[in-house]
Amino acid sequence: MSYDEKGTWAYLVASAGAYLVYLVIVGDRALHAPVAEVSYVAVLLWTSVASGIASTVVRTLLETASPSDSRKRDVRDKEIYRFGEYVSRWFIVAGAGAALIMAMAKLDYFWIANVIYLGFVLWAVVGSAVKLVAYRRGL
Amino acid sequence: MTKPTKITNSIRALRFAHGELTQAQLADQIGVTRQTVIAIEQGRYSPSLEMAFQIARVFKVPLDEVFQYPDGEEESS
């Protein structure tokens with residue numbers, strides 16, 4: 001497994017894990033209060049920061065367990081990266097589009113923020129998954 | 001495993017014919033990672049034309065001794 005492939009695995013695990021934690025915490029709060037009163041901002045910010053830190057930690061652990069021959073990103077890594085970003089960028093577009101419509105419909109900030117966050121998470125998770133499939137099965 | 005390319009290659013045989021050149025040594029000579037050489041050998045990655053020439057140059061053979069492409073009949077199947 002190349003250095004970049006390990007990084008992609010780490011990013012996938014960290015992004016999905018952080019969002020799962022966010023869903024559990026905010027989902028529990030939403031069950032006990034109207035969504036307009038649910039406190040989500042701090043959890044959203046902290047899970048985003050934690051995702052970045054966890055990604056670095058997981059990558060370091062993978063690299064320690066099985067060191068790569070080289071940390072250099074080669075032409076195949078770059079092509080796979082571009083392919084993954086090309087496929088997953090639509091989740092950002094969809095999230096922004098949905099947020100625009102929700103803002104025009106004057107929905108609560110909670111829903112607008114969450115649909116944008118979901119767009120970012122899907123971009124990260126689907127992009128990473130597509131890249132890993134490309135690493136394993138070819139472009 | 002599905003091969004995304006119809007291009008086949010003789011890199012593995014050429015490596016053994018050239019003093020058992022390792023995948024890592026070949027990777028070093030053409031400036032890629034060992035994983036990329038493995039992917040090319042297994043038909044999971046089609047190198048650029050430039051990289052294909054670099055590989056052929058390492059083995060000092062013409063390009064079509066390294067890479068092969070099926071002719072018309074197989075191509076249309």
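Remember, it's a predicted structure, so these values are computed and weren't measured experimentally.
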### Task
Flag yes if more than 12 heavy atoms outside A/Phe110 fall under 6.0 Å of its CZ atom; otherwise flag no.
yes

### Query
Honestly curious: do A/Val24 and A/Val35 fall in one hydrophobic cluster under the side-chain, below-4.5 Å linking rule?
no

### Same apolar cluster (I L V M F W Y, side chains within < 4.5 Å links), B/Ile38/B/Leu26
no

### Task
Indicate the atoms forming the closest heavy-atom contact of A/Arg76 with B/Ala39, along with that distance.
NE-CB, 3.6 Å

### Query
Less than 4.5 Å apart, any side-chain heavy atom of A/Val75 and any of B/Met51?
yes

### Query
Which heavy-atom pair separates B/Val32 from A/Asp74 by the least distance, and what is that distance?
CB-OD2, 3.3 Å

### Task
Name the region of A/Asp4, side chain, backbone, both or neither, that has any atom closer than 4.5 Å to a heavy atom of chain B.
neither

#### Entry: Contact origin within A/Glu79 toward chain B - heavy atom pairs under 4.5 Å
side chain

### Task
For chain B, find its close neighbours in residues 64-72 of chain A: heavy-atom separation under 4.5 Å, sorted by number, or none.
A/Asp69, A/Lys72

### Query
Side chain, backbone, both or neither: which part of A/Tyr135 has a non-hydrogen atom closer than 4.5 Å to chain B?
backbone

### Message
Could you check whether atom CZ of A/Arg89 has more than 12 heavy atoms from other residues, nucleotides or ligands sitting under 6.0 Å from it?
### Response
yes

### Task
Tell me whether B/Leu49 is reachable from B/Tyr69 by hopping between hydrophobic residues (I, L, V, M, F, W, Y) whose side-chain heavy atoms are closer than 4.5 Å.
yes

#### Entry: Residue pair A/Arg136 / B/Arg44, side-chain heavy-atom distance below 4.5 Å
no

### Task
Give a yes or no on whether B/Phe59 atom CZ has more than 12 heavy-atom contacts from other residues, nucleotides or ligands under 6.0 Å away.
yes

## Note on the structure
Taken to the nearest 0.5 Å, the spacing of A/Glu5 CD from B/Gln35 CD works out to 7.5 Å

#### Entry: A/Tyr40, OH: over 12 other non-hydrogen atoms inside 6.0 angstrom
yes

### A/Leu100-A/Trp111 co-clustered via ILVMFWY side chain contacts under 4.5 Å
no

### Transitive ILVMFWY side-chain link B/Phe67 to B/Phe53, under 4.5 Å
yes

